[in-house]
Amino acid sequence: MAPPQTVVPANTVWRICMVTTAVQRVFIENISELVPGEVRLRGWIYRLRVLSETAFLILRDCTGEAQCVMATDALKDHRLKVEDVIEVTGQARREPRAKAGFEVEISAIRVLNRAGHSLPFHSAGQVDSVALDTLIQYRPLSLRTEAVGDIFRVQAGLLACFRDALNRRRFTEIVTSKIVGGGTEGGTNLFEIKYFERAAYLAQSPQFYKEHGVAGFERVYETGHVYRAEPHASSRHLTEYYSLDVEFGFIDGPEDVIQLERELLTDMFANLNSQYGEVIGKYRTDLLPSMLKVPCWEFDACLEMLRSECGRTDLVDDLDPEAERQLCERARKETGTPAVFVLGFPLAARPFYTAPRGSGGAASSFDLLFQGIEITTGGQRLHRREDLEAALRDRSIDPANFESHLAMFDLGMPPHGGFAIGLERLTCQVMNLPNVRQAVLYPRDRYKLTP
RNA sequence: GGGGACGUAGUUCAGUUUGGUUAGAACGCCGGCCUGUCACGUCGGAGGUCGCGGGUUCGAACCCCGUCGUCCCCGCCA
């Protein structure tokens, strides 16, 4: 478990808060500095070994685990079980027989709360034989396990690294509404909600607000949930997912957007490797790669490649999951990293704000395929009002319906583009998880609304 | 939305092919024993409306219909 980055020395917090307690509670990671000496710990019972004379109690808090010992007779009075929440007071002392080199001789135990009997699983146990649905059903307990906890610690790290890499590049984080009056790309996959006397929708993307943000700040990003009312049922789709959205101005073309994502992911991964390398090492054989050399292949060339090298004569105007895996494998053979940008999808299949690429019906939009799955869509957007109006009319949409959005393009809108990364999918690829639900605390899909 | 698989103890599963007395295992749980455990060991015990509803049958965990839930693949997408 990677220790969290603490700005304030851990114990300071408790010195402020715990004025009524004579002996201050300390975090387990700090015990070694206090040996020998009296300590007070609070946490969960992680393991319990009761022998005839001596009982061993492994206590766990958010900083680590500590072995505590007590005479079996004295311990039995407390009737403790694994997962009980307790406070332990005792002498921390050097002890070569303990794994950590020290242990705590318990002088007092206070039970703060008891856990039930026959829990679905134990936090110290192997969790790979527990069904995913069971892990989701009992999230607090599964988070206490190392394997599940690792996923969400790394996810938190991804978010922090994403913010850090963009902040250093002069991006400003924005926060926009998820309740909207209309969709950004058509209405079929919007969740409708009651909004007093009229209908509203859950945002399927912060796309418009990001673009408005560019007109204000030049470089913006946003992280937040987006909602897709699509009835898909697969291991990589959610109706609610967390989108890492980036948009910036004064680009020359989609290649600038792709280059930013290369650099962004490279920074994020390097940062993650150094902060969470030990954790990540448990889930993948290699550390996270540099993404600077990830190639960019034209969509048409990809189709040709798949036809000639993989016999895929069935593909016409889109890639299927098998094609995505095949392209990543080809990229891996060529560059050593199973990742590739695919640029120039058919314009007709893309939202109206997508800029064209040449005059052959291709779009200046791209996907990033990473380890066999699409984790990003991005591209250059149209930035002139008249082009947007024409694009809407091409799709038989009355530009008047988008007037409040289009009006923002009269305020001085630079050429711009951006992309969005699905946080859960990225987490899956980083941690080698087969099901996107493993990377969501409380997944929402076509049928799942609880917990 | 299409296709497939599954649902049995707290958990993970066997048992369903070929309906038949008391539904099993492992781990967990409860109790005993064990001078330092760290996946401890060991002896004993408890625990199941076989997802739910209906049907067939002398008899259903097992066969049929419905329903709810879970997992996988595809469509679609991040």
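A note on names: the letters A, B, ... follow the listed sequences, proteins ahead of strands, and every chain is numbered from 1.
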*Protein-to-nucleotide contact annotation, 5' to 3' order, nucleotides 23-31 of chain B [B base; S sugar-phosphate only; - none; under 4.0 Å, heavy atom]*: -----BSSS
*Would you say the side-chain atoms of A/Asp150 pair up with the backbone N or O of A/Ala147, donor to acceptor, closer than 3.5 Å?*
no
*Between A/Phe269 and A/Phe370, does the ring centre distance come in under 6.0 Å?*
yes
*Using a cut-off of strictly less than 4.0 Å, decide whether A/Asn435 has a side-chain nitrogen or oxygen near OP1 or OP2 of B/C72.*
yes
_Quick check on B/U70: is either OP1 or OP2 less than 4.0 Å from any side-chain nitrogen or oxygen of A/Arg437?_
no
Assign [X] to base, sugar-phosphate, or nothing according to its heavy-atom contacts below 4.0 angstrom with the strands shown.
{"X": "A/Pro120", "result": "sugar-phosphate"}
{"X": "A/Ala233", "result": "base"}
{"X": "A/Glu65", "result": "nothing"}
{"X": "A/Arg47", "result": "sugar-phosphate"}

_Geometric cation-pi criterion A/Arg395 and A/Phe352, 6.0 Å radius, 45° cone_ = no
*With A/Arg350 as the cation and A/Phe345 as the aromatic partner, state whether NZ or CZ is under 6.0 Å from the six-membered ring centre and within 45° of the axis.*
yes
*So do the side chains of A/Leu41 and A/Ile31 get within less than 4.5 Å of each other, counting heavy atoms only?*
yes
*When the P atoms of B/U11 and B/C68 are considered, how many whole Å apart are they?*
23 Å
